[in-house]
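For reference, the structure discussed in these notes is given below.
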Amino acid sequence: MPLDQDTETDDAALLARYALGDAAATRTLTLRLTPRVFGHAFRVLGDSAEAEDVAQEAMLRLWKIAPKWEADRARVSTWLYRVTANLCTDRLRKRRGGPVLDNIAEPADPAPGVEGQMQTRARMDALTAALQSLPERQRQAVVLRHIEGLANPEIADILDVGVEAVESLTARGKRALKAALAPQKQALGYSDDS
Amino acid sequence: MTDAALEALLQDARRPQLPDGLMSRVLDAGLAAQPAPGGTSAPVSRWQRLTGAMTGAIGGWQGLGGLVAATCAGFWIGINPPQYLPDVALSLLGADAVFETTDTAEVTAYGWVVDEGNDIDG
């Protein structure tokens, strides 16, 4: 099977092949990891251009560490999420007053039909704005747990906190998200029982 | 808003569309930073790195074999030293040999009598 369509080979094995000069491994890692890194950064930063910069920087760090990668180090994806989380934190610290939520540009999501597309877009905009209203650690934890779908121990490793702290952050984050989205429920097309 | 609706919304947010050209820029950077084929070795574990450094310091696996052989030989000589070898403890004390300065006769009740040639009875 060409590496480009490979979904089974371990990230660490691909990174080892990358370090040996295998261009197919570079393509597979790019296809596999770039969407995750960009998605994580975009949901945390709420800004597509900044998320793009973070994704490029995180992937560049991955390429650079590949020849020195130790096989018994953390999983490649865990390491990459941690780098991304730290880069996002740096950017958020540099911001003064945070992003202007009205100006957050949501990348277009492909959806069938114009109406469906508009509703999806409105929901994503609302979610992005609601995420930005959370404290940074809660936001990181919610994105990693409920959007990226990682397990709590891996999130604890990424955020360098205990598993209990992750559980607390995600629980509080979800409650805060629901509270932030509740006033827009009708406008976003949610019925009373959804 | 229900938990299920929020979960569904978060699931929909999983993969936003990538900006144009991001994938190719990441790929180009990866190819530019990639070592030439055969230019580097595969990643190794810390343990492999440590053992590699240690064996390298003593001359590789041949050196390690020699070290093991010498250790075994030294251990055996320590247990069963050849007769002609000097006593290590004496060498450390600066002496060549131990001279017996006592005689059983001197420490027994009759020793001095024997030395003097006297008959205890007479």
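Chain letters run A, B, ... following the sequence lines, proteins first, then strands; residues in each count from 1.
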In this structure, CG of B:Asp20 is separated from CD of A:Glu52 (nearest 0.5 Å) by 9.0 Å
Among A:Leu127, A:Leu60, A:Leu29, the residue with the most heavy-atom pairs under 4.5 Å to chain B is A:Leu127
Determine yes or no for a side-chain-to-main-chain donor-acceptor pair under 3.5 angstrom, with B:Gln34 supplying the side chain and A:Asp22 the backbone. yes
What part of B:Leu6 is in contact with chain A, defined as an atom under 4.5 angstrom from a non-hydrogen atom: side chain, backbone, both or neither? side chain
Single-linkage hydrophobic cluster A:Ile158~A:Leu33, side-chain heavy atoms < 4.5 angstrom: no
Checking A:Tyr18 side chain against B:Pro35 main chain: does a donor-acceptor pair fall under 3.5 Å? no
Determine whether A:Leu131 and A:Val37 fall in the same hydrophobic cluster, where Ile, Leu, Val, Met, Phe, Trp and Tyr are linked whenever their side-chain heavy atoms lie under 4.5 Å apart. yes
Does B:Met23 share a hydrophobic cluster with A:Leu14, counting links as ILVMFWY side-chain heavy atoms below 4.5 Å and allowing steps through other members? yes
How far does CZ of A:Phe38 sit from CD of B:Gln17, to the nearest 0.5 angstrom? 9.5 Å
If I measure from the heavy atoms of chain A, does B:Ala4 come under 4.5 Å with its side chain, its backbone, both, or neither? neither
Is it possible for you to say whether A:Leu31 and A:Tyr81 belong to one hydrophobic cluster, with membership spreading through side-chain heavy-atom contacts below 4.5 Å? no
With sequence neighbours left out, what residues match A:Glu167 under salt bridge (charged side-chain N to carboxylate O under 4.0 Å, His left out)? none
Within this structure, what is the OG1-CG distance for the pair A:Thr30 and B:Leu22, rounded to the nearest 0.5 Å? 9.5 Å
Please tell me if the side chains of A:Met124 and B:Leu9 come closer than 4.5 Å, counting only heavy atoms from C-beta onward. yes
Do A:Leu169 and A:Leu144 share a hydrophobic cluster (ILVMFWY, side-chain heavy atoms under 4.5 Å, transitive)? no
Say you draw a straight line from OG1 of A:Thr28 to CG of B:Leu27; how long is it, rounded to the nearest 0.5 Å? 10.0 Å
Side chains of B:Asp12 and A:Thr120: does their closest heavy-atom pair fall under 4.5 Å? no
Inter-residue atom distance B:Leu10.CG - A:Arg43.CZ, 0.5 Å rounding: 9.0 Å
Does some side-chain heavy atom of B:Leu18 sit less than 4.5 Å from a side-chain heavy atom of A:Pro35? yes
Work out which heavy atom in B:Ala13 is nearest to a heavy atom in A:Ile147; give both atom names and the distance. O-CG2, 3.7 Å
So do the side chains of A:Lys174 and B:Glu7 get within less than 4.5 Å of each other, counting heavy atoms only? yes
Check: B:Val26 and A:Trp63 side chains under 4.5 Å, non-hydrogen atoms: yes
Run the side chain to side chain contact (heavy atoms under 4.5 Å, CB included) check on A:Lys178 and B:Asp3 step by step: do they pass? CA-CA 8 Å; A:Lys178 280 174 72 174; B:Asp3 280 342; 2.8 Å; yes
In terms of heavy-atom pairs under 4.5 Å with chain A, which of B:Ala32, B:Ala33, B:Pro19 leads? B:Pro19
Looking only at heavy atoms, what is the nearest atom pair of B:Arg14 and A:Glu148, with distance? NH2-C, 3.5 Å
